[in-house]
K.L.:
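Starting off with a structure, shown below.
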Amino acid sequence: MAYLDIKNFCKKFGEHEVLKGINLTVEKGEVVSIIGSSGSGKTTLLRCINFLETPDIGVMTLDGETLFNAETVKKEKESVLRAKRLNFGMVFQSFNLFPQYCVMSNITLAPLLQLKERVKKDKTLNLAEEKQKIIEEAEKLLEKTGLTEKKNAYPYELSGGQQQRVAIARALALKPKILCFDEPTSALDPELTGEVLKVIRSLKDEDRTMIIVTHEMGFAKNVSDKVVFMANGVIEEEGTPKAVFDNPKSEKLKAFLSNVKDKEGE
């Protein structure tokens, strides 16, 4: 059984059918990149996986547990859905940092809120000790992402690349089972893209399970275990990076890769 198993995800916005029966599997420790033209359904799929959108049809299991079933989801309490969302960490293309908080506070805010809930349920927990653990973990993440010297800085004082690395650290602080990226470099200048991709590549070396929606074809080819090409709300083709990029079978994939090459040559 696959670590993450998505069956028949369908999603409409009004009369517009964005996802048309998506079936996708992700193995533990695997890096899956999702590529495709704008409007192909990539981001909607990622948002459905993260419980930011609700599929109209479909089932999703993670590590053998059913996390989502379209037929029963309306009966679930919001607290149950919140707990399920914590299985996934989401890094957005626009950073989404809290401007009023410094870097350290951005990273520790959610874990500290979680701690308050844990203390309510378990009176044996030492609040001071648990807070210190969260701070120490945040400092390790700052070191991992090369931001130790920026821990007291505010988002407006950071470059786009630094802000995105804070966003990655913030997602990691909640210790998600799967880390998801939605076009993590699309809002960055080219010279800042490399520093973010370097951090993501280092996470692959730790055998983290990741799903990456990206327009960086070279990165997808080098870092992915599997590449998924979406077009018009369906998975048109998937396979190893070598198979997808060097030996595409779908005419739509061939046309997409040709267009990418033309743009890169401009």
Side-chain angles (χ1 to χ4, degrees), residues 28-31 50 52 63 82-189 191-212 214 219 223:
K28 191 169 187 178
E30 189 174 39
V31 178
N50 281 269
L52 298 173
D63 203 12
R82 275 203 307 272
K84 290 181 176 182
R85 286 188 191 108
L86 293 174
N87 288 289
F88 303 93
M90 183 75 160
V91 179
F92 300 89
Q93 55 183 296
S94 54
F95 322 138
N96 286 13
L97 300 179
F98 295 108
Q100 70 272 35
Y101 295 132
C102 70
V103 167
M104 178 61 88
S105 295
N106 263 282
I107 295 170
T108 58
L109 179 63
L112 288 173
L113 289 173
Q114 274 189 337
L115 176 59
K116 287 183 180 179
E117 293 300 315
R118 285 166 48 209
V119 169
K120 286 180 184 177
K121 294 175 182 177
D122 185 354
K123 302 300 182 183
T124 65
L125 286 174
N126 184 305
L127 184 59
E129 286 182 5
E130 296 300 319
K131 276 186 176 179
Q132 186 59 33
K133 287 178 185 177
I134 289 171
I135 291 169
E136 288 174 1
E137 180 63 27
E139 288 174 342
K140 289 177 184 177
L141 291 172
L142 285 169
E143 184 177 359
K144 183 194 297 286
T145 52
L147 292 165
T148 299
E149 295 179 359
K150 298 292 184 180
K151 71 177 185 178
N152 295 317
Y154 286 81
Y156 75 89
E157 298 176 299
L158 305 176
S159 69
Q162 289 169 335
Q163 289 187 61
Q164 191 61 294
R165 282 185 281 153
V166 174
I168 293 171
R170 181 177 63 179
L172 289 170
L174 288 171
K175 300 179 181 177
K177 291 182 177 178
I178 297 181
L179 195 57
C180 300
F181 297 86
D182 182 18
E183 299 280 13
T185 60
S186 66
L188 302 178
D189 293 331
E191 64 267 25
L192 300 177
T193 294
E195 64 189 53
V196 173
L197 297 182
K198 182 180 178 182
V199 171
I200 299 173
R201 194 174 285 111
S202 74
L203 297 174
K204 175 181 170 61
D205 293 338
E206 298 175 2
D207 288 328
R208 290 187 181 272
T209 310
M210 294 187 280
I211 303 172
I212 307 170
T214 183
F219 177 71
V223 81

K.L.:
Taking all non-hydrogen atoms of both residues, which atom of I107 and which atom of A169 are closest, and how far apart?
P.N.:
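Scanning both residues completely, I find the closest heavy atoms to be CD1-CB, 3.7 Å.
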
K.L.:
Show, in sequence, the C-alpha distance, side-chain angles and deciding distance for F219 and I200, and conclude whether the side-chain contact (heavy atoms from CB on, under 4.5 Å) test is met.
P.N.:
CA-CA 10 Å; F219 177 71; I200 299 173; 3.6 Å; yes

K.L.:
Okay, side chain of E129, backbone of N126: is any donor-acceptor separation there less than 3.5 Å?
P.N.:
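Here the side-chain-to-backbone pair does not exist.
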
K.L.:
Less than 4.0 Å between a side-chain N and a carboxylate O, is that true for K140 and E143?
P.N.:
no

K.L.:
Can you find a heavy atom in the side chain of K131 that is under 4.5 Å from one in the side chain of L115?
P.N.:
yes

K.L.:
Rounded at 0.5 Å granularity, tell me how far CG in L52 sits from SG in C180.
P.N.:
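L52 CG to C180 SG: 9.5 Å, rounded to 0.5 Å.
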
K.L.:
Once you round to the nearest 0.5 Å, how far does CD of E149 lie from CG of L142?
P.N.:
11.0 Å

K.L.:
Assess whether a salt bridge exists between E130 and K133, defined as any Lys/Arg side-chain N lying under 4.0 Å from an Asp/Glu carboxylate O.
P.N.:
yes

K.L.:
Answer yes or no: is there an ion pair linking E206 with K144, defined by an N-O contact shorter than 4.0 Å?
P.N.:
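Yes.
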
K.L.:
Apply side-chain contact (heavy atoms from CB on, under 4.5 Å) to residues R165 and K150 and explain how you reach the verdict.
P.N.:
CA-CA 11 Å; R165 282 185 281 153; K150 298 292 184 180; over 6 Å; no

K.L.:
Please examine the side chains of D207 and K28, heavy atoms only from C-beta on, and report whether any two atoms are closer than 4.5 Å.
P.N.:
no

K.L.:
Step by step, would you call L192 with Q162 a side-chain contact (heavy atoms from CB on, under 4.5 Å)?
P.N.:
CA-CA 8 Å; L192 300 177; Q162 289 169 335; over 6 Å; no

K.L.:
Out of curiosity, M90 CE to L174 CG, how far, rounded to the nearest 0.5 Å?
P.N.:
14.5 Å

K.L.:
What heavy-atom pair brings L179 and A171 nearest, and what distance separates the two atoms?
P.N.:
CD1-CB, 3.7 Å

K.L.:
Identify the heavy atoms of T108 and A138 that sit nearest to each other, and give their distance.
P.N.:
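The answer is CG2-CB, 3.6 Å.
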
K.L.:
Whether the side chain of N87 engages the backbone of K177 through a donor-acceptor N/O pair (distance < 3.5 Å, no angle test) should be reported.
P.N.:
no

K.L.:
Do you know which two heavy atoms are closest between F98 and N106, and how far apart they sit?
P.N.:
N-OD1, 2.8 Å

K.L.:
If I compare all heavy atoms of Q163 with all of F95, which pair ends up nearest, and what's the gap?
P.N.:
OE1-CD1, 3.5 Å

K.L.:
Rounded to the nearest 0.5 Å, how far does NZ of K175 lie from CD of Q114?
P.N.:
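Spacing of CD (Q114) from NZ (K175) equals 10.0 Å.
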
K.L.:
Okay, side chain of Q164, backbone of F92: is any donor-acceptor separation there less than 3.5 Å?
P.N.:
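Side chain of Q164 to backbone of F92: a pair is present.
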
K.L.:
Checking K204 side chain against V223 main chain: does a donor-acceptor pair fall under 3.5 Å?
P.N.:
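Yes, K204 side chain to V223 backbone: donor-acceptor pair under 3.5 Å.
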
K.L.:
Please assess V166 against L147 for the test side-chain contact (heavy atoms from CB on, under 4.5 Å), listing each intermediate value before the final yes or no.
P.N.:
CA-CA 8 Å; V166 174; L147 292 165; 3.6 Å; yes

K.L.:
Would you confirm whether D182, through its side chain, and Q93, through its main-chain N or O, come within 3.5 Å as a donor-acceptor pair?
P.N.:
no

K.L.:
What's the shortest heavy-atom distance between S159 and E195, and which atoms?
P.N.:
OG-OE2, 4.1 Å

K.L.:
Quick one: does any side-chain atom of D122 pair with a main-chain N or O of T124 as donor and acceptor, under 3.5 Å?
P.N.:
yes

K.L.:
Would you say the side-chain atoms of T185 pair up with the backbone N or O of L188, donor to acceptor, closer than 3.5 Å?
P.N.:
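Not confirmed, T185 side chain does not pair with L188 backbone.
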
K.L.:
Using a 4.5 Å cut-off on heavy atoms from C-beta on, say whether the side chain of I211 contacts that of F181.
P.N.:
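SC-SC contact between F181 and I211 ruled out.
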
K.L.:
Looking at side-chain heavy atoms only, is the closest gap between M210 and I178 below 4.5 Å?
P.N.:
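M210 vs I178: side chains apart.
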
